[in-house]
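Notes follow once the structure below has been shown.
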Amino acid sequence: MPEHAGISMIGSYRPERVVTNEEIAPELGVDEDWIITRTGIRERRFAGKHETVLSMATVAAHAALKAADMDAREIDVVILATSTLLFQTPSGAAIVAAELGCHRPAAFDISAGCSGYAHGIGQAAALVNAGQAENVLVIGSEKLSNNVEPGDRSVLPIFGDGAGAAIVTRTTGGQIHRTVWGSVGEYSDMIRQEPSWEQFRAEPEGPVPYLRMNGTEVFRWATSVVPDIVTEIAAAAGVGLDEIEVFVPHQANLRIIDAVSRRLGWHGGSVVVADDVRRAGNTSAAALPLAIEDLVASGRATPGQLALQVSFGAGLSYAGQVFEMPPVAEAA
């Protein structure tokens, strides 16, 4: 059988601390039902003070490598997708690669908001299929609890922390089909950091930079546009929507997931739909690999099934592809 780029293993890391709606509702001045009705989220994980984007990324990647029985020195490229690394240089990927014991790999970060991991999978598949790399490690890791303002109802109940890592390699199974990706920069103000670090340096006594989001506008855009993007992703892979067995949408909000699934005709059991957001919140670039881990570990999906993933976020950016569900490592 011909070989092509595929996902051979997923590793994950979920912080130990579970933050329930009961805990944060008083801070927001609402009750638990207010959060569930608007987001579908019942709990999320927050990383400890000692945990960082890089430490979580390293644990998730190590879990994937161990489960795949692969030495870190076999990795040619390390790609880290994150929006919550609190320094701009050096790349976080290079630091994670060194922590793992990789041998002089290419290493770089992707800043594409919540769609960063799907961008990374697209780049990894292209590198492997072109013969530029044999084994690529794609990691999504976020510590969003550091980047949301206490008491902000639009973001605090939604976001959580965690990391997921995928090994992309040449294989006869687990094929990654062509990536569909893009951006809609005219809507870049919908999800943003405000103020900028430059503004904060000029006025250090002013507001602290935090993640801001126009949730209603994001909901409208996602529910109206994402179904068309999903259709395009399936067409790029040469498969019909009726052939998809597992749908892994960005874990932004359960209402968005339900609305998109209904428009695609996948609501009601015909397709397994990931809903890790209920327990993990929106973990941005880590959301897709964590959702895949949840589906396989729970037995709702099995390796080899035909899956479609799509993610969207700040930019507005989006990316997705059809692939075969991979095995997953035991959660770290």
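Just so you know, these numbers come straight off a predicted model, no measurement behind them. Position 1 is the first residue of the sequence, and the numbers go up from there.
- At least one donor-acceptor pair under 3.5 Å links the side chain of Gln193 to the backbone N or O of Pro195.
- Looking at Arg14 and Glu293, a side-chain N of the basic residue comes within less than 4.0 Å of a carboxylate O on the acidic one, giving a salt bridge.
- Between Pro227 and Leu264, the closest heavy-atom pair is O-CD2, 3.7 Å.
- Using a cut-off of 4.0 Å between Lys/Arg side-chain N and Asp/Glu carboxylate O, Arg104 and Asp76 are scored as not salt-bridged.
- The environment of CG in Asp242 is crowded: more than 12 heavy-atom neighbours from other residues, nucleotides or ligands sit within 6.0 Å.
- Geometrically, Arg44 does not engage Phe159 in a cation-pi contact defined by less than 6.0 Å to the ring centre and at most 45° from the axis.
- In this structure Asp228 satisfies the salt bridge (charged side-chain N to carboxylate O under 4.0 Å, His left out) test with no other residue, sequence neighbours excluded.
- A pairwise comparison of heavy atoms in Ala274 and Leu295 identifies CB-CD1, 3.7 Å as the closest pair.
- Summarising the geometry of Ala47 relative to Ser145, their closest heavy-atom pair is N-OG, 4.3 Å, with the distance given to 0.1 Å.
- Remark: the backbone N or O of Leu290 is not paired with any side-chain donor or acceptor of Asp294 at under 3.5 angstrom.
- Residue Phe108 places its CZ atom among more than 12 non-hydrogen atoms of other residues, nucleotides or ligands, all under 6.0 Å distant.
- Residues Ala61 and Leu137 share a closest heavy-atom pair of CB-CD2, 3.6 Å.
- Of the charged side-chain nitrogens involved, at least one lies within less than 4.0 Å of a carboxylate oxygen, so that Arg17 and Glu23 count as a salt-bridged pair.
- Residues Thr82 and Glu142 bring a donor and an acceptor atom of their side chains to less than 3.5 Å of each other.
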Practice task
Just do the side-chain hydrogen bond (donor to acceptor under 3.5 Å, both in side chains) check on Asn135 and Thr169 with the steps written out, would you?
Solution key: CA-CA 5 Å; Asn135 303 303; Thr169 188; 2.5 Å; yes
When the side chains of residues 306-319 are checked against the rest of the protein, which donor-acceptor pairs come out under 3.5 Å, sequence neighbours left out?
unit_1	atom_1	unit_2	atom_2	d
Gln309	NE2	Gln321	OE1	2.7
Ser311	OG	Cys114	O	2.9
Ser311	OG	His250	ND1	3.4
Ser317	OG	Ala112	O	2.8
Ser317	OG	Ser115	OG	2.6
Ser317	OG	Ala314	O	3.1

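- Partners of Arg300 under the salt bridge (charged side-chain N to carboxylate O under 4.0 Å, His left out) rule, at least two apart in sequence or in another chain, are Asp275.
- Comment: Arg212 engages Asp152 in a salt bridge, judged by a side-chain N to carboxylate O separation of less than 4.0 angstrom.
- A donor and an acceptor atom, one from each side chain of Thr39 and Asn253, are nowhere located under 3.5 Å apart.
- Closest approach of Ala107 to Ser91, counting heavy atoms only: O-OG, 3.7 Å.
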